[in-house]
2 protein chains.
Amino acid sequence: MGNSSTTVNAASQSLDPSGPARMSDVARLAGVSKMTVSRVLAGHSVALATRERVQQAIDELGYVADAAAGALSSGRSEFVAVLVPSLASSNFSDTVRGLTAALEPQGLQLLLGDTDYDLDREERLVRSMLRHQPRCVALTGAQHTAATRTLLVRSGIPVVEMWDLPSDPIDAVVGFSNAKAAREMVRYLQARGYRRIGFIGGAGDLDRRGYERLKGYRQEIRALSLGEPRVVRLGDSPITMSHGAPALDALLDQWPDTDAVMCVSDMSAFGAIMQCHRRGLSVPDDIAVAGFGNFEVSACSHPTITTVSVDAHGIGYRTGETLLAALNGHRAQDRAHTKVNIDYTVIARESA
Amino acid sequence: MGNSSTTVNAASQSLDPSGPARMSDVARLAGVSKMTVSRVLAGHSVALATRERVQQAIDELGYVADAAAGALSSGRSEFVAVLVPSLASSNFSDTVRGLTAALEPQGLQLLLGDTDYDLDREERLVRSMLRHQPRCVALTGAQHTAATRTLLVRSGIPVVEMWDLPSDPIDAVVGFSNAKAAREMVRYLQARGYRRIGFIGGAGDLDRRGYERLKGYRQEIRALSLGEPRVVRLGDSPITMSHGAPALDALLDQWPDTDAVMCVSDMSAFGAIMQCHRRGLSVPDDIAVAGFGNFEVSACSHPTITTVSVDAHGIGYRTGETLLAALNGHRAQDRAHTKVNIDYTVIARESA
DNA sequence: TTGAAAGCGCTACCAG
DNA sequence: CTGGTAGCGCTTTCAA
């Protein structure tokens, strides 16, 4: 990418000299008190004629209510803090969409942040978001710094951890067992006749969910007496498509007779399949490849990729529902800690 | 996806009976006035001993300053409103990362929203975000409702439109000409010897950038006298991988002798290539396929995909810089409207 | 270097 | 159904 050019054109922009309109301006123009304007905005009962006059004044002035003032005065904001490891991952962005679908109709506004699979960054973001007094918090995974936990517990607002089933949750949980899902995939491969099954995943421990899948793979390989686990751990999260090729090479270098590869994610599986093509290996005849996550690429690639489907949107939506229930429910002390178990399914496709 | 199960476990949560700590609580505990606490938080000059005492009180109480109160009092928030069509698209999430890289170190916080390629939704989000008095706004594209424009102009804060070069920008602009980039790809294909070049893209007019690419294709096909344009428009934005297969089929149905396909995005190109494999067509020997965007899949698929590389991260970073310059610069009336032209490059790979 | 008072723009509360 | 008063938690401004 070369240099880019910058040109500057002078121009003017209309702007009220007295600054933006305030509620008192609207009130004066409509000939009512501030309170009446406030009621119109909140949808409280106001005489129709009055309401119309106020609305007209609002439109005329282009009035936009100040949310900070409202939040300060009423003691509650409309924010929901949401933290995901990566916004680019289609599964997490589906989860965000699910959250949006559940929460936006209630007038809540998402305060989104991506942690980049970095627990310290997560802590910084939580701290920064809590300053805005969110009504509740949704975050990803079970692994957090001690400070993050303390911060969240002290805040006293509802918290949901998503995408996992921690044994010691902060508050509520919406997720599934990544280990069990991985075990199910191993059983599927075994049932299809594969016996020398490898696993490729990331090297870091930051991606707890990936680590759980590896754990499940190991457990089930042992349970089915399929010999020594064949594990390649390479690269950091997020696992991208470019992970698959070198990981597959490493696996086949060490265990050339491998007949099936289970990948920590569809991204990696896709990269591995493309590398099989380059090596002249036919999938699944020479080697089977399975993914995880049911990303779009798994349905569109050739061959299509056998994978574990997780209802990412559902995780978001159920999380939204859980948070709403907590908001409309009891005080924190009495609140029950909800645990929502999300389903997953092995999707049999062409690659394994 | 079947049903999911819900279990509920009662548990209690620690919570101060008097609610969260306030600045006055910190002040009392440290034996200073609120002002001194405020100065410590803002990093203003305070005697070291005093500062340490205050900090200790803050830690002890787990005090988190209320951003809404601060914003109200000081008259300015730390928010930057950011709107992209889709958070899942890797190009837009790269842009968001670029924005984050530029703005977070300045203590600014992104208020993120995805418009879902829906101008009315964009308007709603802008309205909702403006309530939080953001310091500035970054949005995608040149197409907005009249109300959105009015809202933004009236707000008087710096605005950047990204990913396009509108002829009548709201304020500043950071982007490139999608039409020119598409023309460059047509010239590339012509230079490689292809003469019967088709184009596949979305049907809707919502994706202005996709439409500009189609326009550029048409212009260059005519300029190079390559016959009648062969255009298939199918499906809505965002264009995903599943777009490519049916679009390719439609194109070859109508113009069976097509020797190259230019796709509105790498997603579509990937789907088209996989469909070629299914049809027994070799890429690029039987038919060439080119994409747009240099998404990860274009570098990892087999064959690798020839595409137009756009510095999506750079768009975000430059936008952040532009906004910061505006914030630190003159008042709106005097401000110059900046125009930043971002580079793009045709990346020659295996598919065309 | 520190403190006291005033007030940001809005909503809760109680009167009328 | 409508209005006045008080005050949310913080920062500004001025004074000490």
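Throughout, a chain's letter reflects where its sequence line sits, starting with A, and its residues are numbered from 1. The figures here come from the full heavy-atom set of this structure, side chains too, leaving out hydrogens, waters and symmetry mates.
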Reckon Y63(A) has a side-chain N or O less than 4.0 Å from the OP1 or OP2 of dG9(C)?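 For dG9(C), neither OP1 nor OP2 has a side-chain N or O of Y63(A) closer than 4.0 Å.
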Can you pull out how bent the helix from dT1(C)-dA16(D) to dG16(C)-dC1(D) is, comparing the axes over its first five and last five pairs, to 10°?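 Its terminal axes enclose an angle near 20°.
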Residue [X], side-chain atoms from C-beta onward, closest of [options]:
X	options	result
D66(B)	dT12(D), dA12(C), dC10(D)	dC10(D)
R39(B)	dT13(D), dC10(C), dG3(D)	dT13(D)
S73(A)	dG4(D), dC10(C), dT2(C)	dC10(C)
T36(B)	dG9(D), dT2(C), dG3(D)	dT2(C)

Please determine, by modelled atom types, if T145(A) and E122(A) share a side-chain donor-acceptor pair under 3.5 angstrom. no
Just how far is it from atom OG1 of T95(A) to atom CH2 of W163(A), taken to the nearest 0.5 Å? 5.0 Å
If you round to the nearest 0.5 Å, how far is CZ of R97(A) from CG of L87(B)? 8.5 Å
V46(B) vs L72(A), nearer the 5' end of DNA chain C by closest nucleotide: V46(B)
Touch check for [X], heavy atoms < 4.0 angstrom, all strands: base, sugar-phosphate only, or nothing?
X	result
A65(B)	sugar-phosphate
A42(A)	nothing
G70(A)	sugar-phosphate

